[in-house]
Protein chains: 2
Amino acid sequence: MDEKTRPGPKRSLSADQIVDAALALFDGEAPSIRGVAARLGVRPNTLYTYLPDRAAMERALVDRFLAMADPDLLTGRRSWRRRVEDYACALRGVLLSHRGAAALLHTAPMDGPTSALVGERLLAIFVGAGLTPTHAARSTYAVIVHVLGSATLTAADLNGYTEQDIVTARLSVTIDPNILPLTAQTWPVVATWNTEEQFRWSLRTLLNGCAETA
Amino acid sequence: MDEKTRPGPKRSLSADQIVDAALALFDGEAPSIRGVAARLGVRPNTLYTYLPDRAAMERALVDRFLAMADPDLLTGRRSWRRRVEDYACALRGVLLSHRGAAALLHTAPMDGPTSALVGERLLAIFVGAGLTPTHAARSTYAVIVHVLGSATLTAADLNGYTEQDIVTARLSVTIDPNILPLTAQTWPVVATWNTEEQFRWSLRTLLNGCAETA
DNA sequence: GGACAACATTGCACACCGTACAGAGATAGG
DNA sequence: CCTATCTCTGTACGGTGTGCAATGTTGTCC
């Protein structure tokens with residue numbers, strides 16, 4: 001088990017370094033094995049000494065992202081709604097600042113230590129809010145779904161542009177009120193679907209529904 | 001504009017045929033251009049006569065999936081909650097029966113005619129439920145996020161197994177109550193996160209929150 | 001009817017991708 | 001020193017999306 005006691009040449013890398021490089025190269029989607037290897041000045045095959053396959057790299061990246069949004073935001077003396085909202089927005093920010101990260105979260109299983117921690121804290125929050133353990137578990141999943149789903153949709157739509165760009169671009173589209181009357185009527189709001197404002201609104205609405213079950 | 005009036009050989013295919021083939025080959029993820037071409041007995045480049053690129057094929061697939069869940073479920077005399085729930089469950093079913101479809105929905109922009117129709121009908125439902133147009137638009141997006149997010153997470157977890165398989169597999173895992181007390185306590189519920197029951201619960205909870213804003 | 005322009009389709013090629021496999025060199029314990 | 005073990009590389013295979021020039025078919029106009 002001791003790392004020092006095994007024969008063979010010293011390792012020139014570590015799994016962490018690989019994830020670091022992958023994170024640095026992350027742009028729209030998880031970088032290729034070959035790209036990461038190139039940045040590390042190494043042949044692609046070398047990475048297979050540290051990772052079984054590309055999926056492992058993606059899983060490691062997922063855990064990184066979850067940790068980058070500070071899970072401590074889920075604790076503290078603020079109201080429980082506030083704590084959920086703060087962490088949710090932080091996570092959304094991380095996922096949007098790394099395009100494609102959200103899609104990764106949806107693809108790679110979230111079985112890392114950070115996701116367990118986040119789940120536990122969300123459960124604690126809902127129990128503390130007066131929900132039964134069952135409803136707390138249900139609510140926890142509902143919140144996770146909302147955050148990941150929303151971030152993924154927004155990330156796909158943003159595509160590197162700013163929130164404002166998207167809104168104004170959408171506003172410049174005109175909808176035929178004869179075909180889609182309500183869409184046309186509510187277009188100014190629909191145009192803001194991928195904004196933080198909408199994100200907070202739907203999260204709060206969801207939390208209201210959860211609170212009702214207490 | 002007349003299709004008949006242009007020179008050159010007759011087209012041997014149509015965009016629809018391509019999407020048909022892609023749908024037939026769909027398994028876990030959208031098939032490759034080369035695979036679809038092979039099934040149609042044609043060289044890969046031929047497809048580029050009908051589609052600008054692979055992304056277009058994916059967008060067309062997305063619209064197909066949305067249409068496969070019957071959007072007419074959104075209309076009728078049933079209660080508005082019921083209509084939303086029915087279509088949502090139908091869409092969930094379609095997305096789960098085609099692994100990887102949900103991820104596609106999240107990646108490819110939903111700008112097809114069916115998504116417009118679904119959006120319009122959801123708006124109508126919420127307006128009919130007494131919400132202001134603004135809140136209706138917000139609620140519509142919240143519902144879309146929930147359905148797609150939930151389906152994507154579940155599809156990734158299901159991975160070809162049945163709902164029951166996943167639940168029992170999860171139940172057989174034991175969580176250390178010293179590290180994650182609430183997770184351990186609520187594990188029987190957490191194990192059912194990827195079931196239709198959880199899906200309906202969170203959707204109803206979300207709809208309750210939406211109804212509150214009326 | 002013949003010329004011409006527009007078009008669908010193909011063959012070939014390029015630049016990627018993940019990764020399997022065998023071998024070369026380095027390093028530890030015996 | 002010997003040998004087992006480990007890292008890293010060279011090479012290769014089968015796959016991907018798609019750009020480009022050539023081929024042959026088809027319609028319209030003179």
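Order of the sequence lines fixes the chain letters, A, B, ..., with proteins taken first and strands second; residue numbering starts at 1 for each chain.
- A:Ile18 places its CD1 atom 15 Å from the C1' atom of C:dT19, with the value rounded to the nearest Å.
- As rounded to whole Å, 13 Å separates atom C1' of D:dG19 from atom CG of B:Asp53.
- In terms of phosphate contacts, A:Tyr50 brings a side-chain nitrogen or oxygen within less than 4.0 Å of OP1 or OP2 of D:dC8.
- Looking only at distances, no side-chain donor or acceptor of B:Arg83 sits under 3.5 Å from a matching main-chain atom of B:Ile125.
- Without hydrogens or angle criteria, A:Ser150 side chain to A:Val147 main chain gives no donor-acceptor distance under 3.5 Å.
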(request) For nucleotides 10-17 of chain C, just jot down a letter per nucleotide in 5' to 3' order: B, S or -, based on protein non-hydrogen atoms under 4.0 Å. (result) BBB----B
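- Crowding of B:Gln17 atom CD: a count of heavy atoms from other residues, nucleotides or ligands under 6.0 Å exceeding 12.
- For B:Pro9, whose side chain is taken as the heavy atoms from C-beta onward, the closest listed nucleotide among C:dA26, C:dA28, D:dT26 is D:dT26.
- Between D:dG27 and B:Lys10, a contact under 4.0 Å exists linking OP1 or OP2 to a side-chain N or O.
- Ion pair A:Arg82/A:Asp86 flagged as a salt bridge, since at least one NZ, NE, NH1 or NH2 atom sits closer than 4.0 Å to an Asp/Glu carboxylate oxygen.
- Residues A:Thr152 and A:His106 bring a donor and an acceptor atom of their side chains to less than 3.5 Å of each other.
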(message) Applying salt bridge (Lys or Arg N to Asp or Glu O under 4.0 Å) to B:Glu85 and B:Arg92, what does each step give before you reach the verdict?
(response) CA-CA 10 Å; B:Glu85 199 176 323; B:Arg92 189 188 108 106; over 6 Å; no
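- Remark: of the listed residues B:Thr75, B:Thr140, B:Asp72, B:Asp72 is the sole one forming a side-chain hydrogen bond (donor to acceptor under 3.5 Å, both in side chains) with B:Arg121.
- Between the two ends of the helix from C:dG1-D:dC30 to C:dG30-D:dC1, each summarised by a five-pair axis, the helix axis turns through 10° (rounded to 10 degrees).
- A donor-acceptor contact shorter than 3.5 Å is absent between the side chain of B:Tyr50 and the backbone of B:Ile18.
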(request) Could you check A:His135 against A:Phe126 for ring-ring contact (aromatic ring centres under 6.0 Å, His included), going step by step and ending with a plain yes or no? (result) CA-CA 8 Å; A:His135 285 162; A:Phe126 284 117; over 10 Å; no
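- With rounding to whole Å, B:Glu29 atom CD is found 11 Å from D:dT16 atom P.
- For the pair A:Tyr48 OH and D:dC8 P, the computed distance is 15 Å after rounding to whole Å.
- Summarising the geometry, the separation between CG on A:Leu51 and P on C:dG18 is reported as 12 Å, rounded to the nearest angstrom.
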